[in-house]
Amino acid sequence: MLQDEDIKLFRLITGEELIAERVKGFSSSENHQVTIRNPIRFMLVPSKGNPNNPTVGFAPWQEFSTDTEFTLDKSHVLAIMTPIKEFKEQYRATFSKIITPKPGLILP
């Protein structure tokens, strides 16, 4: 089960910011690498209604790969941080196995 403390933000040297589940990370016995699962990149998106009030957009990090786990070299990661509650909730909802009914859906 996905633990709250396993969801982290990653800032890469490319400038990309990811939210992902940290599977393994950065101990000397792990070759200075971190393994992440289900990474999503996020960026600020200008609001059409008010350009001074941007929103946050989420997108797959490696959209052309079928892999769900990636190993990053420590030298490519600038920072690992704890995300705000709203980001954790959105991340959990994205990868939740629970299907919620949509309005207008008829259930038995």
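For clarity, every value in this text was computed on a predicted model and none was experimentally measured.
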Just verifying a value: how many Å separate [X] [atom1] and [Y] [atom2], rounded to the nearest 0.5 Å?
{"X": "Ile36", "Y": "Leu18", "atom1": "CD1", "atom2": "CG", "answer": "5.5 Å"}
{"X": "Leu9", "Y": "Ile84", "atom1": "CG", "atom2": "CD1", "answer": "8.5 Å"}
{"X": "Phe10", "Y": "Ile19", "atom1": "CZ", "atom2": "CD1", "answer": "9.5 Å"}
{"X": "Trp61", "Y": "Ile40", "atom1": "CH2", "atom2": "CD1", "answer": "13.0 Å"}
{"X": "Phe87", "Y": "Glu17", "atom1": "CZ", "atom2": "CD", "answer": "8.5 Å"}

Review point. Where do Ala20 and Pro39 come nearest, in terms of heavy atoms and distance?
Key: CB-CA, 3.7 Å

Review point. Where do Ile7 and Arg92 come nearest, in terms of heavy atoms and distance?
Key: CD1-CG, 4.1 Å

By side-chain hydrogen bond (donor to acceptor under 3.5 Å, both in side chains), which residues pair with [X], not counting sequence neighbours?
{"X": "Thr14", "value": "Glu16"}
{"X": "Thr94", "value": "none"}
{"X": "Arg37", "value": "Glu21, Glu69"}

Kindly write out the residues that satisfy side chain to side chain contact (heavy atoms under 4.5 Å, CB included) with [X], not counting sequence neighbours, or none if the list is empty.
{"X": "Thr68", "value": "Asn38"}
{"X": "Ala79", "value": "Arg11, Met81"}
{"X": "Ser65", "value": "Gln62, Asp67, Phe70"}

Review point. Are His32 and Asp73 close enough that some pair of their side-chain heavy atoms sits under 4.5 Å apart?
Key: no

**Study point:** Leu78 and Leu12: CA distance, side-chain angles, deciding distance, side chain to side chain contact (heavy atoms under 4.5 Å, CB included) verdict
**Key:** CA-CA 5 Å; Leu78 292 176; Leu12 306 181; over 6 Å; no

Distance-only check: which donor-acceptor pairs under 3.5 Å involve side-chain atoms of residues 41-51, not counting sequence neighbours?
{"unit_1": "Arg41", "atom_1": "NE", "unit_2": "Pro60", "atom_2": "O", "d": "3.2"}
{"unit_1": "Ser47", "atom_1": "OG", "unit_2": "Gly49", "atom_2": "N", "d": "3.4"}
{"unit_1": "Ser47", "atom_1": "OG", "unit_2": "Asn50", "atom_2": "N", "d": "3.4"}
{"unit_1": "Asn50", "atom_1": "OD1", "unit_2": "Asn52", "atom_2": "N", "d": "3.1"}

Practice item. Scan for side-chain hydrogen bond (donor to acceptor under 3.5 Å, both in side chains) pairs involving residues 79-89, sequence neighbours excluded, and state none if there are none. Key: Asp4-Lys88, Lys8-Thr82

